[in-house]
Amino acid sequence: MLRRSSWLILVLTAAYPLAGQTAVNSCAKLNPKLTFADATDGMNVTYHVPDTHGISAAWIEVWDRPKRLFRTAVPVKTDGQIPWNPDYPYPTTPEMLSLAIYDAELPEFCIDNPCSGPSFGSNVSSVVVGNTTSESTGNAELEGPPIRLQEGGDVTDVIATGRDLPPDMKVILVEKDDTTENYRWIFREYLNIEVIDLRHIKVTVPFGYLVRPGVYGLVGQDASFEMDANALSKLTPQQELYVASKDSPVISSVEPSSVRSDAAKRDDVEVTLRGRGFTKESLAVFGTASKVQMGLGGGDADFVSSQEIHAKIPYYLLTVGPFASNEPIRGWVTDDNTLKISEPVEIQVLPAPAQKVAPRAAAINSVSPFPIPLMDAHSPKYQIVEIEGENFRPDDRVEAVLDPDHPGEYSPLKTEFISEVKLRAWLPREFWRKHQLSYRLLLKTAAGVCATEVFDEVN
């Protein structure tokens with residue numbers, strides 16, 4: 001069974017007359033009937049013509065306007081039935097549309113040995129840009145590095161990062177309770193937010209949470225998704241937020257301030273951190289925006305004085321496969337008390353001679369129009385879509401994801417490179433439009449051709 005039965009609307013119209021003829025009569029005089037019902041491999045179309053006198057030919061057609069999917073001659077008789085067994089599943093209105101970027105320069109590294117090196121080209125930054133159902137897509141999610149606020153500070157607005165962040169989304173604040181051996185996260189409240197784009201959101205943390213140090217978490221959620229008390233009690237953070245103690249250490253400088261990508265060569269790189277508030281328990285944390293140690297668990301550090309410690313940057317942060325890292329390294333100082341966390345310091349990574357910097361992955365920040373309106377048979381053949389983001393290159397291509405259940409099925413769109421922050425794409429009407437099948441009985445008489453048509457209101 002390909003589909004279920006549907007409601008019918010019967011329309012009686014005069015079809016286009018044959019050449020040299022005029023349709024002066026109407027099907028209403030002939031009073032034909034047309035119905036359809038599910039069959040094993042398609043549809044059974046049944047027709048009834050009370051009086052066949054004067055009818056010289058008849059046809060059945062199936063339409064998904066503006067396309068005719070099927071046409072066949074049928075016997076001229078009072079009652080008849082034909083099967084329509086399409087070679088492919090007939091079109092249905094899509095539930096969701098996503099866009100992604102095919103980044104031709106992005107390396108992909110094999111995991112098997114031996115490995116000859118990276119291959120290139122990958123689909124990245126998939127975002128939902130259209131939804132025809134009333135149900136939530138469930139894709140709103142935060143996924144950025146930890147955010148730091150200061151105990152007693154006056155800054156309460158933070159920028160969280162994520163994906164598929166809709167304008168009406170919610171953000172939940174949870175607090176880490178480690179008073180027991182197995183810590184848990186406690187729901188606190190929904191926060192005031194302002195969505196900036198599909199990947200960034202401004203979140204306001206109430207001043208009350210800054211009066212003492214604490215470890216919190218942010219959880220993004222689609223607005224239409226409701227959670228009961230039991231679900232709220234089981235939340236875990238998508239992006240961590242630290243209210244750092246006012247007694248946290250302070251980093252004033254790092255030496256060296258930049259390192260070459262081949263400085264390590266499988267050995268960690270030693271750096272000197274200077275500032276104040278360091279102790280014998282101080283730990284050093286190193287990471288990047290995409291490779292940060294969640295929870296800010298630290299590595300060893302050699303204590304020199306309260307103003308100086310020595311630490312080592314893990315060698316794997318300097319490279320991406322055969323390329324130099326495209327992100328600065330971030331360093332923090334903390335200790336076994338995770339509420340004492342310094343502001344981060346950045347260490348630049350310089351490529352070795354004859355080495356290229358790893359290309360940054362393209363990212364979609366916003367799409368216009370948004371959401372992309374569902375088209376129909378009368379819409380233009382293409383919807384022009386303006387895409388703004390980061391790290392676009394001339395050979396990037398916008399791709400449509402037509403089936404949310406099979407996100408690997410991408411369809412390339414005509415794409416124009418405007419700049420490294422803007423692309424233009426042409427979305428075909430057939431990719432994102434309302435489909436409505438209709439079944440048509442055409443009757444040829446001496447006066448012309450008339451048609452009876454029923455529309456599938458479910459498809």
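Because only heavy atoms are used, hydrogens play no part in the values below, and waters and symmetry mates are left out as well, while side chains stay in. Numbers here are sequence positions counted from 1.
Cation-pi contact between Lys356 and Phe323: absent, since separation from the ring centre below 6.0 Å together with deviation from the ring axis within 45° is not met. Both tests hold for Arg397 against Tyr102: distance to the six-membered ring centre under 6.0 Å, angle to the ring axis within 45°.
Nearest heavy-atom pair, Asn85 versus Gly42, reported as atom, atom and distance to 0.1 Å: OD1-N, 3.9 Å.
Under the 3.5 Å distance criterion, with hydrogens and angles disregarded, a donor-acceptor pair is assigned to the side chains of Glu327 and Thr288. Side-chain N/O atoms of Arg65 and Ser438 include a donor and acceptor closer than 3.5 Å. Counted by atom type alone, Asp157 and Thr204 present one or more donor-acceptor pairs between their side chains at under 3.5 Å. Side-chain contact, Glu95 with Thr132: no donor N or O sits under 3.5 Å from an acceptor N or O. In this structure, a donor-acceptor pair under 3.5 Å is present between the side chains of Glu189 and Tyr209.
Screening Met169, Lys170, Lys202 against Ile193 for a side-chain contact (heavy atoms from CB on, under 4.5 Å) leaves a single residue, Met169. Just one of Asn365, Thr161, Ile159 meets the side-chain contact (heavy atoms from CB on, under 4.5 Å) condition when paired with Ile196; it is Ile159. Each of Leu97, Thr93, Asn131 was compared with Leu374 under the side-chain contact (heavy atoms from CB on, under 4.5 Å) criterion, and only Thr93 meets it.
For Arg148 and Glu343, the salt-bridge test passes: some basic side-chain N is under 4.0 Å from an acidic carboxylate O. A salt bridge is defined here as a Lys NZ or Arg NE, NH1 or NH2 lying under 4.0 Å from an Asp or Glu carboxylate O, and Glu143 with Arg163 meets this definition.
Ring-plane geometry between Phe70 and Trp84 is classed as tilted, the angle between the planes lying from 30 to 60 degrees on a 0 to 90 degree scale.
In this structure Asp197 satisfies the side-chain hydrogen bond (donor to acceptor under 3.5 Å, both in side chains) test together with His200, sequence neighbours excluded.
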Full working for ring-ring contact (aromatic ring centres under 6.0 Å, His included) between Phe303 and Phe278: CA-CA 8 Å; Phe303 176 78; Phe278 303 146; 8.2 Å; no

